[in-house]
Every structure is written in structure tokens, then in C-alpha cells.
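Comments concern the structure below.
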Amino acid sequence: MDKTSNDCRKCCSEAPPFEVLLEDADGSEWRTVPRDSVSIRGRSVILDLSAMKPSADAATAVRYAWSDYVDCVLENSEGLVTSPFLHPVPPPESSTRNPALRRQGGAAASVPEAANSPPSIRTPPMGFNSWNFYHCNIDENTVRAIADAMVKNGMRDVGYRYVNIDDCWQVQRFDSGEIQADPARFPSGMKALADYVHSRGLLLGVYTARGSLTCQNRPASYMHEEIDARTYCRWGIDYVKVDNCGGSNWPRTNTSWIKFREAFDSCTVDTGRPVVLSVEYCGSVDGCGEWIARTANLWRTTADIETTWSSVVRNIHAQEPMYRIAKPGHFNDPDMLQIGNIGLTVDEQYSHMALWCVAGAPLLVGTDLAHASNATLAILTNPEVTAVNQDLGWRNNEVQGRIIKKTEGRSEVWAKRLADGSRAVLLLNTHDTRSSDVTVAWSDLGLASSATAEVRDLWRKNDVGRFTGAYTAEKLRPHSSAFIRVTPKEEWMTVDQ
Ligand code: GLA
């Protein structure tokens, strides 16, 4: 068999995870390839089948039965665990690809590439998540009411598409292994609910965890990833959050995620519908940050968000240094929005929204949208504000804005360079008690310090005017902010352009 571009780096200190299907007149049987028949040469795994009985020529297929041998794994060149595969072994007379191997009765097992991003989302997901407000008190009527509300209150038209059910929708597994939705809370079943949500022009998400139990002790997906993914696919689920609870069951953090990713990619092949994979957790640029974007669409970077200003700030700060990892279709996730929930002042809610937008974070609203106030909707549905979040950034590849200037305990200036070269700028007063002015100089934005630029107030949707050299938001109240768009006049474009 052909070699692949994968680097098979680690196999196998214990029982090798390869089996061959031996077929003869009496039938067929999967047989483990002995340890001393497996070798790694360059980027290929060589299976020497010459010692197999009845004979190597009886081998018709080879499979990598990884899930039964978790102590012995292949890693590809990305350092990711390779998932199981099955390949036919070409019959001897027709094998022209590797005659040398065939003569010695061997087969080179090719290892498929790590899962790549499927034709999936490009911009940060926007929608609803049930956890922050409903916790376990979620049911199908509430989900329908939320979907109806998102249509009626204009959220869908601004881009909020996902209706995500978090923990507690599941109660047990059937004997077949298939997960069962709580029959008391979801009596119509998840397929019917997905159909309903889809009929409203929206998408449905569910939650699981990579351990045996979810964070609320419901059955989770450990050793059930494939069957769960197939079930979600059959139901028409569009988004799956895989939580971290009980995750130590697998020897590697990403084992569960890769299984889901690959299963969702197959689902996409079958249905044409992408399935968003949200995972928990990756909190550093090194280690997981080097590969997480190849596996997941979004990954939690922090502890659970609370309805306090300090929690909002802690979460957005924690993922700020991870800006390099984020790219179209793959986002750092500082957790859900708490807008509309009791605990944040109105100023803090505006700043929370603007922070999540400038930082290119998923906009998953964790409040009771069926009864959202006009004030809450005003924060959530300003199209000029959400447009910053959905903008793929400079060269369509800088989805996450950053802190460009900071005075500890007093102020922060965040900026995201947008696809058209203008800048979204958030001027934030971080002082707990005092009002103050916050200034952005054009030079902070990489513009010529003598440049003139148009400033637009995104919340008020009005042009503030032309400013030379800098702009100051005056008398910002504690924890409040100004969210502006700075568009340099052409003759004064960025110094590095
Ligand atoms: C964890 C997650 C939360 C939520 C709960 C549900 O704490 O981080 O976002 O999903 O589990 O149990």
C-alpha cells in the first residue's frame, strides 16, 4: 500500500494495534499482527505478514484497532493520535505498488491525515446556550420558545443562528448504546426538535463530555464517541459541545475530540451539513495551541464565566495572548455571554459585548431570550457591533483583536484590524470607581501619527467626525467603554501598507 505523508512516530511498546483479516475456504478471521512483525520505516508502518498462517496471501484487509489498544498509539506528524482505519490488502498478483513488500508478504499500512477543518463555519458562532440561565432546567418547550423569540426579536436576522442545549438533556443509554434524551423534558425527541429549530431558519446544538459522565453526572461520551456522533448526525444536530468532565478516562486530552471530529466530518460528507465542534479545554499557546485548531472549531480557554465584572475581565484577558491560534473557522472561546443576566451593570454589559466582539469570540448568549428586555436586545443586536465580531480581519485572517495599550487598573485599548483596513477600537475604563478619558493615538494602530481618520461610534451608529493623530473618549464611567471604527483617509493609510 502507498505510503502517506504521515509521520508514524510511536508504535508500539506493547500489543500492536494492527489486525489482519485472514480469509480461506473456511471463512475469515481478524488476527492480531505480532509485535515483532511491526516496524516503522520513515513515515510508514510496515507489517510483515510472512509468518501469518495459513499464509500471508490470505490477508485481505488490515485494520488499526486503536480503541482496543489505547496504550499503544500512532501519532501523525501533528502529534495527534491517529484514529482507527481499515484498508484492503491488494491481492498478490495485482499488487504493483510495492512489489518488494508483497514479496516478503508484508503490507504498509497508510495512516490517514489528521482531521482537517471540514467545510464548516468561517466566522465565530452566534446563538444561544442554555447553561448560564437555565442550568439543568431545560426542556423542549423552552428550546422552541427561544427559537421563536430569536426569529421574532430580530436576533436571527443579525446572525444568531445556533440554539444550543447544554448539560442535562440526556438521561441514560438504551441497550444498543444509543443515548436517550430525557423523555419527560424532551418527549418529542431530539430529531423533532431539530426539525422545528431548522424550520425557523436556525440550527440546533447539544452538549456532551469526553468522560463517562457530564459535569452534571449525566451519561457522557467516553467510548461512545462514534455512536453519539452518528446519533447526533441522524437527529440533524449542527453543533456539539464536548465538555471536559471526567476527561481523564482517555490517555490523551484530544482522543475524544479527534473521534468526534472525524465522525462529524463523515456526517458532513453524508449530509452536506457541517457540524461545529466546540471543546473544553485549551488554555495555552504552547502544547494544545499548536494543534487545537486542526481538531476543533472552538475551544474553551478559561474557567466558567460568572455574572461578575471580574469574571468577564478574567476570561477575556486569559485568552488574549492566544490570539495567534485563532483563525477563520477556529476560535478561542472565553465562554458564553452573560448579557441580560443579573449581576452586571448596563455599562458592564455593553463592555462585555464589545470585548467579545473585538476579540472575535463566539457570541453565545446565556440568558432567557424568550423574555429578553429591549435593553438586552439593544446590546445584542446592534449590527455594526456584531459585524466587528464576524469580520475575518486583515487579509481575512486576523479574527481576534488584541490589547494594544494598557494602564493597569485604569484603562485598556483593544483593536482589531478589519478586512477593509479600518480598525475597530474599544476604549475601556477599567477603573472600579473613577470616570476617566481614554485615548487611542493613530500611531497605536500602526497609522502615521499625523494621519487623519474618520471615527464612527458603533453603538450609536453615527459618524463622530475626522480626527488627526488621536481620538479621546471622554469621561467614560467605571467599566464603561466606547466602541469605534477608525477609517484612515486613503492618503494617510497605515505605515506598513
Ligand atoms: C462545565 C462547563 C459549563 C457547562 C457545565 C454544564 O462547567 O464549563 O460551560 O457546560 O459544565 O454542566
Side-chain angles (χ1 to χ4, degrees), residues 124-139 142-143 146 162-172 179-182 185-186 190 204-222 224-225 228 232 237-250 253-254 256-257 260 275-284 288 292 295-308 310-312 314-319 322 331-341 343-344 352 356 359 361-369:
M126 295 171 66
F128 161 83
N129 176 289
S130 59
W131 184 249
N132 289 354
F133 187 84
Y134 293 95
H135 295 267
C136 279
N137 195 24
I138 188 74
D139 56 41
T142 306
V143 173
I146 296 285
Y162 294 95
V163 181
N164 291 351
I165 306 168
D166 209 274
D167 208 345
C168 300
W169 61 269
Q170 62 290 70
V171 280
Q172 60 184 38
I179 193 76
Q180 184 187 10
D182 183 339
R185 288 176 173 271
F186 295 88
M190 301 304 264
L204 186 66
V206 292
Y207 163 104
T208 186
R210 64 192 175 89
S212 301
L213 294 174
T214 72
C215 298
Q216 304 303 315
N217 294 322
R218 303 302 177 97
S221 293
Y222 176 60
H224 290 86
E225 292 82 0
D228 283 353
Y232 303 155
I237 299 299
D238 306 284
Y239 183 119
V240 177
K241 170 174 167 180
V242 181
D243 208 342
N244 197 31
C245 287
S248 54
N249 295 106
W250 285 115
T253 338
N254 56 4
S256 168
W257 304 341
F260 273 116
V275 181
V276 174
L277 177 59
S278 154
V279 304
E280 184 168 338
Y281 145 101
C282 175
S284 72
C288 58
I292 186 83
T295 305
N297 297 106
L298 55 153
W299 46 90
R300 278 280 297 282
T301 51
T302 61
D304 289 7
I305 194 164
E306 294 154 18
T307 330
T308 62
S310 58
S311 170
V312 166
R314 178 196 63 199
N315 279 18
I316 203 70
H317 280 173
Q319 75 161 22
M322 296 176 67
F331 310 100
N332 292 305
D333 174 10
D335 209 1
M336 280 92 70
L337 292 169
Q338 290 282 16
I339 290 155
N341 294 337
L344 297 172
H352 179 15
W356 262 236
L363 300 180
L364 297 166
V365 187
T367 196
D368 174 11
L369 289 178

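Atoms within a ligand are numbered from 1 in the order they appear, just like the ligands themselves. Basis for what follows: all heavy atoms, side chains included, without hydrogens, waters or symmetry-related copies.
Checked against Tyr134 for a side-chain hydrogen bond (donor to acceptor under 3.5 Å, both in side chains), the options Thr142, Asp139, Asn129, Asp368 give a single hit: Asp368.
For Arg300, the salt bridge (Lys or Arg N to Asp or Glu O under 4.0 Å) test picks out Glu280, Asp304, Asp335, with sequence neighbours left out. A search for salt bridge (Lys or Arg N to Asp or Glu O under 4.0 Å) contacts involving Asp166 returns Lys241, not counting sequence neighbours. Contacts of Asp238 classified as salt bridge (Lys or Arg N to Asp or Glu O under 4.0 Å), with partners at least two apart in sequence or in another chain: Arg273.
The residues lining ligand 1, counting any heavy atom closer than 4.0 Å, are Trp131, Asp166, Asp167, Tyr207, Cys215, Gln216, Lys241, Asp243, Glu280, Arg300, Asp304.
Note on ring orientation: taking the six-membered ring where Trp is involved, the planes of Tyr232 and Trp169 are perpendicular (angle over 60°, cut-offs 30° and 60°).
With hydrogens and angles disregarded, no donor-acceptor distance shorter than 3.5 Å links the side chain of Asn132 to the backbone of Thr367.
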